[in-house]
Structure formats: C-alpha cells, structure tokens
Number of protein chains: 2
Amino acid sequence: MQMKATAITPTGLKAVCSQCNLRELCLPFGLTGEEIDRLDELVAGRRKVRRQHHLYSAGAPFEAIYAIRAGSFKTDVLLEDGREQVTGFQMTGEILGLDGISSETHSCNATALEDSEVCVIPFGQLEELSRQVESLQHQFHKVMSREIVRDHGVMMLLGSMRAEERLAAFLLNLSKRFMARGYSPAEFHLRMTRDEIGSYLGLKLETVSRAFSKFQDEGLVAVHQKHIRIIDLEGLRRLLTHCAKQT
Amino acid sequence: MQMKATAITPTGLKAVCSQCNLRELCLPFGLTGEEIDRLDELVAGRRKVRRQHHLYSAGAPFEAIYAIRAGSFKTDVLLEDGREQVTGFQMTGEILGLDGISSETHSCNATALEDSEVCVIPFGQLEELSRQVESLQHQFHKVMSREIVRDHGVMMLLGSMRAEERLAAFLLNLSKRFMARGYSPAEFHLRMTRDEIGSYLGLKLETVSRAFSKFQDEGLVAVHQKHIRIIDLEGLRRLLTHCAKQT
DNA sequence: GGCAAGGGTTGACGTGGATCAAACCGATAC
DNA sequence: GTATCGGTTTGATCCACGTCAACCCTTGCC
C-alpha cells in the first residue's frame, strides 16, 4: 500500500513540473532543471474540477493563476441581461486566471468542459519567485503577452470575418493546438457545444451547425456530432485568406 | 540661449516620470518617489510621432514598450487580403507595445491619430528593474492584465451587441477615460474617423454614422463632425443594459 | 423495452446592417 | 472667389445571418 506523504491537495498529489510532459507548453518553458524545482515548490497543489463546474467565477477574489494539467475549460463574461460571451477555450498547458491580476478580482468565469485538473499557482509567490528567476519572469511575461495577441486575433475574427471564415479559423486554431500537444491535427473531439462555439465566434448555434454542414458537403471536413476530421486542411486555409470577396 | 544637457532624444528632453501629471494613470502608479526616480533612469527618452505615422509596425522587432505622454494612437492588425481590424484606441498614460513581448516581434501596427509623443521604455531594462522593485513589477502585471480584461470587453461588444449598443459602449468608455484625465466626460473631440470607429466596432462607417444620427435624433448626444457632446448619459447606459430584446 | 432530455440539424422566413450611390460639408490650395 | 479632397451623411436596395419551429439522434433512466 502506498503512502501519501504530501497529501496536501484534494487529489493527494503534489504537482511536479519537472515530471510534467506539458512543461514545454507551460510556465516552466525555458527554465533550467534547478529553476523548475523552485517553481515546483510554490505550486500549491492540484485541484480537480468536474465538468460544468467553475474553477473561478467573475467577482471572486483573485489569489492564484492556474495551469491546466488535464482537461479543458471555457472562459466567459456575462452581461447584466444574461447574454454570454465566451472569450476563450483553454487546453492543457495553458494558463487561466490572468484577468484577475488587474483588479484583484476575477473578471470572467472559468468553467470546465470536461472533468479536469489544474495546478494552483499562488500569484504572490509567483511574483516573488519571478523577481529571483529571470527566465521565469520572462516566460510569464510572454504568456501574458500571448494572451493579448490571441485576443487581438479573436477581435479580427469577430470584427472582420464572415461566418464560414470564423469557423474555419476556429478549426485551424484547434488543429494547431492539438498538434502541439502530440494529438492528431486532423481528427479530434470538440469539448464544447455548438452554442458555446457560436458564442465564441459571435454566431448563433444554427449558423455554426449550417457552416459545419456546408464544410462537410464541400469535402473539407467530416463532422459527426462532436467528432471532427479535417479532410482538406489547405481548403480551410484558402477559405480564410480570400473568402470575403473573391475579387 | 538654453543648453540641452540631456539631448539624447529627438525631442531633446529626458522623460521625467516624477514630474509627469500622468503618473497616476501610468507605470509609476503606486511607486514611491525614490522608486520613480529609478524608473526615470531607464526611460530611454521620448519620441515624437506625427499624425498618421507608425510608432511601430507588425513584424518589427520588439525592443521597448511605450507610454503615451501626449496625443493618441490606434492599434490594428491586417489580414493578407487587406482587411483591417482596429484592436484599440489608446490615450495618454496608456501603454503600447505589450503585444510584442510574446514573440519578440510586434504583432500589430500602432499609428498616431494626431501628433503625439511617447516615452520609450526599453523592455529588457524594465524587466531588470521590476525584478528589484516589487511595486513596479506588480504595477506592470496589472497593466498587462488590464489589457486582457479590456480585450474581453471588446469581444463582448463584437460578439454579443448590436450596432447601437456598440456605439453607446464606445462613447461611454471614451467618456470615462477623458474624465480620468481631467477632461470633460460630456464633451470631447474624436481623434479617429468613422471608418476607424467602424473597424473597431465591427461595423461599416455608414452604420456608425447612422447610429450617431439616431442618437442625436433621440436627444442622447449632440454630434458635430468629430465633436461629441453627451446630453443623456443615463440614456446611453440604458441602451447598453437592455436594448437587445426589451423583454 | 419505452420515454424523456439535451444537443444537433434542417427548413422557411424576417431583419439588421452591408452595399452601392449620390450629395454634402469643411478644410486647404490656387 | 473657385476647385479639390478627405471625411461624413443619407437614401435605396440586398443578403448573410438571426429567428422560429419542426424534427432527429444519442444517452440515460425507469
């Protein structure tokens, strides 16, 4: 029988960045082994989040950021009248919670799309360590900046693209991220509903569904519910670059 | 005749945060006098940017971030086919260039909307100093996080609001920012064209123009070209919270 | 097995904002 | 003064996407 010497978290396991196969995608990227060990020390442990449950909610006090160890999440903001805008879908190795730094309060909700697990990184300690470890500081700044660049991409999508371009961009983006994680870039399972995709892309679920069907008819992808197989990657890319007005 | 002892910049002036009336809105916020002096040391000087000129362009190597000392800017991203998406309008005290950190290359264009001036903050040195000065580190993180939260707001706007709501939100946001700078929140001059507003809001300039006219007809604002006077602030706010479907 | 519930698809129709086009306005240039 | 030009306004028409509604498929429960 196994002893649980460091049963300090709900999962009974201490996070260990150095052993984590996501470290190249995550905060430890670019750190030396010794530096990663120091990062390990401050990771307060892991936390499991069940499907449909919140990791944090808008208005909650900000204390830590989170690295996704398993599973996936969506973040969204709500308007007073109930309208929801999904601001992003996050997968393993990606960091959640950066929105909370500015006001010391979370400004959006983070919800697990499937049973998931995160590493909890207390923010005050992260700042402290990144004052000592230059490469950690730099990597953290890069992570934040990447989020800003990503957001600009979404604005481009929402502000300047038509429905099919948006969906194509969405699929290509997912494909790329699955590939970076060692999964097939051509075949994957969507964790979110049509409604959530629609909210993210600024479309109604019916429009998303129709666009999927159209892609299928055109032989670009094979869609079976949430299962996606990309057949013609180049075709999708072409859709993106000059669809709007095929001048 | 006056000597220019520190003529190290095009403007012949060393930036001095401690003397700057924008410091409460800018990077020095929350620093002690002594800490601000250290920040002063690293500000490489000021740079003037003429109306319509670029402060930096997409693809340019990233070396510094910029604090706007006078004037205003827009940032935009371009698609291969020429479509433009304005990702933000920045005014005095706000920080430009954060997009460049992630890839060490700027990912958008920053263009002066009027003759403007920025303080140049070499990024490597900023990171170095913020390893020593905790309050600077924290304030910098807040600035980056604020940008992320702002971007989420724009996504909300682009993804879930109708034309008039978007314009109302835009005007209210400008109003708030002018107020924070000691200007009238009710009466101001737009520095951007209808086309640029449209690009930012995901609308065509004609739609922006029509929405302005509608607001005018309804007695919400007085519009004279680029001069705006907000007459009914509450009315604009009301538009925002439950216009979509007045259920 | 039947049946309920939640998500997805598809069709018919309506509409908000895009598009196209003309005119207007205020600057600056001559 | 007139011409020019960039930006803006306004009107007429169009179409991409939203809305509403029916139906289907899958899963889980009794």
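A note on names: the letters A, B, ... follow the listed sequences, proteins ahead of strands, and every chain is numbered from 1. Note: hydrogens, waters and symmetry copies are ignored here, and every other heavy atom, side chains too, is used.
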Report the distance from atom CZ of Arg166(B) to atom C1' of dG16(C), rounded to the nearest whole Å.
11 Å

What is the separation between atom CG on Asp195(A) and atom P on dT9(C), rounded to the nearest whole Å?
13 Å

Do Ile197(A) and Leu201(A) touch side chain to side chain, with heavy atoms closer than 4.5 Å?
yes

Would you check if there is a donor-acceptor pair between the side chains of Thr92(A) and Arg181(A) at a distance under 3.5 Å?
yes

Of the candidates dG8(C), dC17(D), dA18(C), the side chain of Thr193(A) sits closest to dG8(C)

Rounded to the nearest angstrom, tell me the gap between atom NZ in Lys226(B) and atom C1' in dT9(D).
15 Å

Rounded to whole Å, how long is the line connecting atom CG of Leu205(B) with atom P of dA23(C)?
18 Å

Name the nucleic acid region contacted by Gly202(B), choosing base, sugar-phosphate or nothing; use a 4.0 angstrom heavy-atom cut-off, strictly under.
sugar-phosphate

Look at Lys204(B) and dT19(C) and indicate whether a side-chain polar atom (N or O) is within less than 4.0 Å of OP1 or OP2.
yes

If you go through the side-chain atoms of Arg210(B), does one of them form a donor-acceptor pair with the base of dT19(C) closer than 3.5 Å?
yes

So, Ser199(A) versus Gln85(A): side-chain donor-acceptor pair below 3.5 Å or not?
no

Ignoring hydrogens and angles, does a donor from either the side chain of Gln225(B) or the base of dC25(C) sit under 3.5 Å from an acceptor on the other?
no

Grab the CZ-P distance between Phe215(A) and dT9(C) for me, whole Å please.
13 Å

For His224(B) and dA27(C), give me the distance from atom NE2 to atom C1', rounded to whole Å.
16 Å

Does Thr207(A) put a side-chain nitrogen or oxygen below 4.0 Å from OP1 or OP2 of dG18(D)?
yes

Regarding Ser72(B) and Glu114(B), do their side chains bring together a donor and an acceptor under 3.5 Å, going by distance alone?
yes

Any N/O donor-acceptor pair, Glu206(B) side-chain to dC20(C) base, under 3.5 Å
yes

Whole angstroms only, please: what is the CG-P distance between Leu201(B) and dA18(C)?
11 Å

Calculate the interatomic distance between Leu203(A) atom CG and dA16(D) atom P; express it in whole Å.
14 Å

Both Ala163(A) and Ser209(B) contact DNA chain D. Which one's nearest nucleotide lies toward the 5' end?
Ser209(B)

From CA spacing to verdict: ring pair (Phe, Tyr, Trp, His ring centres under 6.0 Å), Tyr183(A), Phe188(A):
CA-CA 8 Å; Tyr183(A) 299 113; Phe188(A) 45 83; over 10 Å; no

